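Encoded as structure tokens, the structure appears first; notes follow it.
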Amino acid sequence: MPTAAQLDLLNTLKQAIGAAHVLTEGDLTAYEQDWRKRTRGQALAVVRPGNTQEVAAVVKACAQARVSIVPQGGNTGLVVGGIPDDSGTQVLLSLQRMNAVRAVDGDNLTITVEAGCVLQNLQQAAEKAGFLFPLSLGSEGSCTIGGNLSTNAGGTQVVRYGNTRELCLGLEVVTAQGDILHGLSGLRKDNTGYDLRNLMVGSEGTLGIITAATMKLYPLPAAKLTAWAAVPSVEHAVRLLGLAHKHLGAGLTGFEMMGQFALSLVDKHYPQLRVPLWQQTPYCVLLENSDTESETHARERFEHLLEIAFEDGCVTDAVVAESLSQARNLWHIRESITMAQAEEGLNIKHDISLSVSAIPTFVAETDAMLKREIEGVRLVNFGHLGDGNLHYNVQAPEGSDNQAFLKTQEDRVNTLVYDAVKRFGGSISAEHGVGSLKVDTLPDYKDPTALAVMRQIKQALDPKGTLNPGRVVR
Ligand code: FAD
Ligand code: MLT
Ligand code: ZN
């Protein structure tokens, strides 16, 4: 039963945004459970404001009542950062109703959207206006631009266009005090002090609530070509990446590496996708070349690159998509690895980054160490090699109890992998963020001074600690 103070707050919230948008009953699983179904919380209420003023009113009321707020977009996050804890005292603030495209400025190459706009809808709005919005993730049908900004999401086009941060020019934010920070300028140059936009991006709802954003647009490429290549080792994949940079230049818009076991899971759980080449090679690479001239030009450049790669020995076999639908299918295979892994059973996920040059030795040494330490362990290695970002995941031995494996091995496996990442000078979170999953691990791997400054920033911007507590820093 809610306390009298909680009932007062609920009444204030209902007055501020309408009773229909303050949910306390019914099935709230979609808001309270994380995407991987590993954690379930319980909210005091799920509130769904419809505009920035309503968000500000909710934040003010909660700050006054000292009730904490968990912002949520599409709830596709992978580090348990966007669901409430199990205390039943937190307000879950969903941005889903705020999904409008506010403006497209073709001359300025910008689009301004509300935070709850689903990424795929944003891509489509850009395309309809004749432009490209390049951010692309497997979850793009559900994740929101507010969530992408708050996690500084990466995805499959970073090698050319950068992370979400690099695509953002301005933000509108509701502060922890409930004030509105109007920063939707769309300026490409603005050196008038500290960069609050870049502070908010990647802050996972702990410093402010993003309500709208001005994002960069790009010209649509004249042609896009996709190839799937068999490579004999990680070292060869890195060599292919070097050749692709050299011969495609800015045309290289995607470079993904997938290990044989990762692809075998897609083949096992989605045989209709017909994964090419995976049985004959330890790794496959998916490359994309975007061309500003023509399809013929793109194909010539791609074929030239592949010829050189065959001669070099870094590619042993390859298929080039002949149509848009074939290209889509190849990308679909890559993006199905996460689901295929989930079908196989609970697993230990890692989202690490290293300098590209360190990756072959890291993988060789860490594979060998894990196989030595845990008999029968299955390694699901795939990711955005072009950005030095691997999803170096660990699946329980075949036929074993996944739950029991996680219970007994997760901490140990994390320590083994993260210690190796540290030795190689890498990061334990490349693109998914910290959330609550890694909040207690981060202090072991982050520079202590950086962590102390982060805590000071949190204290300065959210002194009552009501914005997404227990996430990123404690
Ligand atoms: P949520 O999950 O709702 O929230 C994520 C975090 O942001 C939480 O801490 C939340 O509190 C905060 N937040 C959300 N909205 C706001 C807001 N408006 N203001 C302030 N804080 C907010 N990630 C990648 O980086 N690259 C990938 O390639 C990728 N692929 C994926 C594939 C699949 C199949 C899945 C399920 C996930 C994938 N992800 C990937 C992870 C996830 O989709 C991203 O982290 C995404 O950016 C989360 O967006 P969301 O709207 O779902 O955010
Ligand atoms: C991906 O690249 O597919 C994602 O980041 C999701 C994952 O790590 O499973
Ligand atoms: Zn990823």
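For ligands, and for the atoms within them, numbers begin at 1 and follow the listed sequence. Not measured: the values here are computed from a predicted model.
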Using a 6.0 Å cut-off, check whether atom [atom1] of [X] has over 12 heavy atoms from anything other than its own residue.
| X | atom1 | value |
| --- | --- | --- |
| Gln403 | CD | no |
| Glu127 | CD | no |
| Glu25 | CD | no |

Which of these, Thr112, Thr214, Thr211, sits in a side-chain hydrogen bond (donor to acceptor under 3.5 Å, both in side chains) with Glu172?
-> Thr211

Per-residue contact class, [X] against ligand 1 - non-hydrogen pairs under 4.0 Å:
| X | result |
| --- | --- |
| Asn468 | side chain |
| Ile210 | both |
| Thr151 | side chain |
| His384 | side chain |
| Arg471 | neither |

To the nearest 0.1 Å, how far is [atom] from its closest protein heavy atom, and which atom is that?
| atom | answer |
| --- | --- |
| atom 6 (C) of ligand 2 | Thr338 OG1, 3.3 Å |
| atom 35 (C) of ligand 1 | Ser139 CB, 3.6 Å |
| atom 8 (O) of ligand 2 | His432 CE1, 3.1 Å |
| atom 26 (N) of ligand 1 | Glu431 OE1, 3.0 Å |
| atom 11 (O) of ligand 1 | Pro71 O, 2.6 Å |

Heavy atoms only: give me the nearest [X]-[Y] pair and the separation to one decimal.
| X | Y | result |
| --- | --- | --- |
| Glu431 | Gly154 | OE1-CA, 3.4 Å |
| Val91 | Leu44 | CG2-CD2, 4.4 Å |
| Ala396 | Asn402 | CB-OD1, 3.5 Å |

Residue-ligand contact Ile337/ligand 2, heavy atom below 4.0 Å | no

His391: which N/O/S atom is nearest the Zn ion (ligand 3)?
-> NE2

For the Zn ion (ligand 3), the closest N/O/S atom belonging to Glu431 | OE2

Tell me which part of Asn393 gets within contact of ligand 2: side chain, backbone, both or neither, using heavy atoms under 4.0 Å.
-> neither

Check each heavy atom of Gln341 against ligand 2 and say whether those closer than 4.0 Å belong to the side chain, the backbone, both or neither.
-> neither

Evaluate [X] for polar contact with ligand 1, using N/O atom pairs at a separation under 3.5 Å.
| X | answer |
| --- | --- |
| Val70 | no |
| Gly74 | yes |
| Thr338 | no |

To which of [options] does the heavy atom nearest [atom] belong?
| atom | options | value |
| --- | --- | --- |
| atom 47 (O) of ligand 1 | Asn148, Val118, Leu135 | Asn148 |
| atom 17 (C) of ligand 1 | Gly116, Ser150, Pro84 | Ser150 |
| atom 1 (C) of ligand 2 | Arg36, Arg334, Glu335, Met339 | Arg334 |
| atom 7 (C) of ligand 2 | Met258, Lys349, Glu256, His350 | Lys349 |
| atom 44 (C) of ligand 1 | Leu78, Leu467, Thr164, Thr76 | Thr76 |

When the ring centroid of Phe255 is compared with that of His245, is the distance short of 6.0 Å?
-> no

Are the aromatic rings of Phe133 and Tyr218 close, with centres under 6.0 Å apart?
-> no

Test item: Pro443 and Leu451 side chains (from C-beta on) under 4.5 Å apart, heavy atoms = yes

Mind checking whether Leu390 and His350 have side chains closer than 4.5 Å, heavy atoms only?
-> no

Give the numbers and elements of all ligand 2 atoms closer than 4.0 Å to a heavy atom of [X].
| X | value |
| --- | --- |
| His391 | 1 (C), 2 (O), 4 (C), 5 (O), 8 (O) |
| His384 | 2 (O) |
| Phe382 | 3 (O), 9 (O) |
| Leu78 | 6 (C), 7 (C) |

Assess whether side chain to side chain donor-acceptor pair (under 3.5 Å) is satisfied between Tyr445 and Asp419, documenting all intermediate values.
-> CA-CA 8 Å; Tyr445 300 98; Asp419 283 359; 2.7 Å; yes

Using modelled atom types only, decide if a donor and an acceptor are shared between the side chain of Lys14 and the backbone of Val22 within a distance under 3.5 Å.
-> no

Is Gln395 reaching over with its side chain to a backbone N or O of Gly345, donor-acceptor style, under 3.5 angstrom?
-> yes

Give the atoms of ligand 1, by number and element, whose distance to some non-hydrogen atom of Gly208 is under 4.0 Å.
-> 20 (C)

Ligand 1 atoms in contact with Trp35 (distance to a heavy atom under 4.0 Å) = 36 (C)

Rounded to the nearest 0.5 angstrom, the CE-CZ distance for Met200 and Arg165 is 12.0 Å

Worked check of ring-ring contact (aromatic ring centres under 6.0 Å, His included) between His432 and His391 | CA-CA 10 Å; His432 295 164; His391 299 305; 5.0 Å; yes

Could a heavy atom of Gly154 be found less than 4.0 Å from some atom of ligand 1?
-> yes

